[in-house]
Amino acid sequence: MKKSILSLAAAAAISGAFTIPVQAEDVNVKDGDTLWGISQTYKVSIEDIKDWNHLSSDTIYSGETLHISQEKHYKVKSGDTLWEIAGKYHVSVNDLKSWNGLNSDTIHPKQELVIKPATYKDEAASVKPEQLAAPTEQAKPAAPAEKAEKEKTVSNSESTNQSGIEKEITVRATAYTADCQGCSGTTATGIDLKANPNAKVISVDPSVIPLGSKVYVEGYGYATAADTGSAIKGNKVDIFIPNEQDAINWGVKNVKLQILN
């Protein structure tokens, strides 16, 4: 049976308990599966699945076999930080540094970082926002004589900053797509959801959750408060899901939301 999804918009991480393959894995498509749903289960992007399987569209078929790779590579963009990348993929800053031989939090545009899904199975199911080190200001490389002491200081700083939660509230969460009636596809902060189908975005009341805040939403994962809506007042949020049917399936839920430092 033919199955198709609309890549209208976004990702970033994701959450709750889930199982991730320790090895590369072949996934048998079942009736009702979508690329977006599979990407969320295995914490990879839709584009990665399409690349690995040489798919030219988002259409998949029941009975088809999809290959999910063991290791992911992320190309650093201007403005990226290790903390944001770690949050997106539900790993720790220290893991990213260890996998990529980094001695500091400094990264550069076009730098390629290795993300290892094998670790997701052990860590992502229990990862909590407080386990992510808070973002640190990028500094110039330390002189050789200062390097060991600086690394020790960074390590201590990360340990003390892992509390990371500013506030936790219960919200009423609905879902929307980029093509919903009356939607422009561009968020209040200027994110083009149609051009960025892997972004994780929620719509908020800025008087409750300031725009630009990094958040963790129960059942949805790490996201950015980047949009507003006329019906989103008080402790209400609207989460972005690119596939219309998946958004409908979300329905209305009362969930915990953590605002991160």
Reported CH2-to-CD1 distance for the pair W250 and I239, which is rounded to 0.5 angstrom: 4.0 Å

Nearest-0.5 Å distance, CD1 of residue I259 to CD1 of residue I209: 5.0 Å

Value rounded to 0.5 Å, distance of NZ in K194 from CG in D179: 4.0 Å

Exercise: identify the closest heavy-atom pair between G87 and Y222: O-CD1, 3.4 Å

Approximate separation, where rounding is to 0.5 Å, of D95 CG and L82 CG: 11.5 Å

Nearest-0.5 Å distance that lies between atom CG in D31 and atom OH in Y61: 14.0 Å

S213 side chain vs V215 backbone, donor-acceptor pair below 3.5 Å: no

Donor-acceptor contact below 3.5 Å, side chain N53 vs main chain H67: yes

Same cluster (ILVMFWY, side-chain, under 4.5 Å), L35 and I68: yes

Nearest non-hydrogen partners of A173 and V255, listed with the distance: CB-CG2, 4.0 Å

Note, T224 side chain near K214 side chain (heavy atom, < 4.5 Å): yes

Atom of L102, atom of L96 and distance for their closest heavy-atom approach: CD1-O, 4.4 Å

ILVMFWY cluster, I169 and L211 together (side-chain gap under 4.5 Å): yes

Atom pair CG (D26) and CG (L66), whose distance is rounded to the nearest 0.5 Å: 9.0 Å

Shortest non-hydrogen separation from A247 to A175 and the atoms involved: O-CB, 3.7 Å

Verdict with supporting geometry, V252 and R172, side-chain contact (heavy atoms from CB on, under 4.5 Å): CA-CA 7 Å; V252 181; R172 187 173 179 82; 3.4 Å; yes

side-chain contact (heavy atoms from CB on, under 4.5 Å) between I107 and I85, worked out: CA-CA 11 Å; I107 53 178; I85 296 170; 4.0 Å; yes

Among D58, T41, I46, the one residue meeting side chain to side chain contact (heavy atoms under 4.5 Å, CB included) with W36: I46

Cation-pi geometry met for K200 and Y220 (6.0 Å, 45°): yes

Any V237 side-chain heavy atom under 4.5 Å of V208 side chain: no

Side-chain heavy-atom pair K30, N28 within 4.5 angstrom cut-off: no

Chi angles and distances behind the salt bridge (Lys or Arg N to Asp or Glu O under 4.0 Å) call for K236, D205: CA-CA 7 Å; K236 292 183 180 180; D205 180 344; over 6 Å; no

pair D33-V27: side-chain heavy atoms closer than 4.5 Å: no

Student check: side-chain heavy atoms of L55 and E64 closer than 4.5 Å: yes

Side chains of D105 and T81 in contact at under 4.5 Å (non-hydrogen atoms): no

Test item: D238 and D227 side chains (from C-beta on) under 4.5 Å apart, heavy atoms: no

Taking every non-hydrogen atom, the tightest pair across T189 and A226: OG1-O, 2.9 Å

hydrophobic_cluster_shared for L113 and V93, side chain cutoff 4.5 Å: yes

Where S92 and A86 come nearest, the two heavy atoms and their spacing: C-CB, 3.9 Å

Side-chain heavy atoms of N243 within contact of T177, under 4.5 Å: no

Other residues, nucleotides, ligands: >12 heavy atoms within 6.0 Å of K253 NZ: yes

